[in-house]
Amino acid sequence: MLEIIGVSKTFNPNTVFEKKALVDINLKVENGEFISIIGANGAGKSTLFNAISGSFLTDKGKIVLDGEDITFLPDHKRARMIGRLFQDPMRGTAPGMSIEENLFLASGRGGWLGGINKKDRELFKEKLSSLSMGLEDRLSQPVGLLSGGQRQALTLLMATFNPPSLLLLDEHTAALDPATAERVLSLTDRIVKENNLTCLMITHNMQSALVQGDRTLMMDKGRIIYDVKGDERKGLTVSDLLEKFKENSGKALDNDRMLMI
Amino acid sequence: MLETIIGLGTTALELGLISSLTVLALFLSYSMLNVCDLSTDGCFTLGAVVGAVTALSGHPLLSIPAAMGAGVLSGLITSLLQTKMGIDSLLAGIIVNTGLYSINIAIMGGSSLLNMNKTTTIFTMMKSLVSSTFLAQSYKLVTALIFVALVVLFLSFFLKTRLGLSLRATGDNPDMVKSSSINPAFTTIIGLCISSSFTALSGCLLAQSQKSVNVTIGSGMVTIALASLLIGRAFMGKGGITKRAIGVVIGAIIFRLVYTIALRFNLPAYMLKLISSVIVIIAISFPYFKGKKDDYMRIHRAKKEAGNA
């Protein structure tokens, strides 16, 4: 379970560039919950993810994951409990290293001086074949040779190799072509369900925000302005969402990318 | 004539093998970790000086671990400056390099030159060991070869371990290292400590093989090593770690041969640094121009066709 209690973050405080990126965020995410997050550019969605994964320390508030206070934990230590995917498929993998070497590092198997053994390779093959992208026969090829979709699928596999307490998806299909995006999205769905993962997903696709997962948050100016789940969410359409945005933020949503359905 | 050529060839081979240890250090720091370690010159001298002082005090065997230990310390400081104190990695190397100049003279007891003409060194020990075998003439070569083989073996094992892989990933994509719950600062520190120990070992062996050390023994080493590294890469191309490490050693030997040939053209010794600079420029820019060649050809063809029409 993830608990965010009164978290705020202001960039460049007391200067002309001051930006209140997060304002008193309170959020409780139950185990196994899959939340989609929408909002215009600069609403604070990625900043929220950065705060959770420890890219910076927050100004105020507390972040608790599975009962452990992680507010001041360095990012690489939080990574043990948090898996994260970015929009850029290049960010999650080391291009100069082979598929098996990438997986080996992500898996955390073996001690510092341990190498990849036969058992590891069998496990990697098994996991890779579940992606049905033919990567299981390319274990020793450099990741740099893979397509964006393949790299993102591999990153997803790496981030969930040891099921994390929390999976953060930051528009992880936005840089892929529609067909590949669809494929990676359904893969995400399957992996999240199989491992009963707790998951937050930022998306600019309003339709998929409503279809995927079981709860939707809307952010604006560093605040969560709308939070919907259960039966109320089931009946929602994209135009309802746009109406809600206008209602709660006092302005129309003018982001073209978000209007794409 | 033939004897001169063989003699020069052997010397180039010896020096190539000894300096290849520095090149292997750069293979780790520059090619793997993606850090250009400019403390290399000072660290090379540090190894030479520490090794010489230890050998002069009557402990030739101890001179090897002593030099390598000093290298580890130097690498530790360089890496702490860049990972824990916010100093740019190039600048960290330059700062440590400058500081080491004073330290090196201090270790030599205030003088800038030490002589080991009558000192027992690792090479003289090897000489007496193989004096009655067919290797008697090539004791230096054998000694250098043993160390190079050990380092290549170590690297080809180490870079396949989890620690070695995380070190390679740090140079490739530090974000990915963090998301694997590994601190890239930690891998940078480990990498630079290991690479600096090889650089120092290289300095230690060069000093003992030429039976003297002065404070400028390492100057220009980073340029020479870089040139060798790039020659090795051009020579071996891509491939497994072991193959690339061997390519690095071959690159160092080729560089020394070119160096020796240049010397044969009666060039004054002070021109050597210029030659190494020119070689680095050619070695680095060659792949760049090779990439551009296709573009030039394309433009040339288009112009020609336009002229014909």
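Letters A, B, ... are given to chains in the order of the sequence lines, protein chains preceding strands, and every chain is numbered from 1.
- Residue A/Met158 touches chain B through its side chain alone, counting heavy-atom pairs closer than 4.5 Å.
- The candidate with the highest count of non-hydrogen atom pairs below 4.5 Å against chain B, out of A/Pro74, A/Gly92, A/Gly83, is A/Gly92.
- Of the listed residues (A/Pro95, A/Gly115, A/Ala106), the one with the most heavy-atom contacts under 4.5 Å to chain B is A/Pro95.
- For A/Phe11, the CZ atom counts as densely surrounded, since its 6.0 Å shell holds more than 12 non-hydrogen atoms of other residues, nucleotides or ligands.
- Closest approach of A/Leu105 to B/Ile182, counting heavy atoms only: CD2-CD1, 4.2 Å.
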Output the donor-acceptor atom pairs between chain B and chain A under 3.5 Å, with atom names and distances to 0.1 Å.
from, atom 1, to, atom 2, distance (Å)
B/Arg162, N, A/Trp112, O, 3.3
B/Arg162, N, A/Gly114, O, 2.9
B/Arg162, NH1, A/Leu105, O, 3.4
B/Leu163, N, A/Trp112, O, 2.8
B/Arg168, NH1, A/Glu101, OE2, 3.2
B/Arg168, NH2, A/Glu101, OE1, 3.4
B/Asp172, OD2, A/Gly96, N, 2.5
B/Asp172, OD2, A/Met97, N, 3.4
B/Asn173, ND2, A/Met90, O, 3.4
B/Asn173, ND2, A/Arg91, O, 2.9
B/Asn173, ND2, A/Thr93, O, 2.7
B/Asp175, OD2, A/Arg91, NE, 3.2
B/Lys178, NZ, A/Asp75, OD2, 3.1
B/Ser181, OG, A/Arg80, N, 3.3

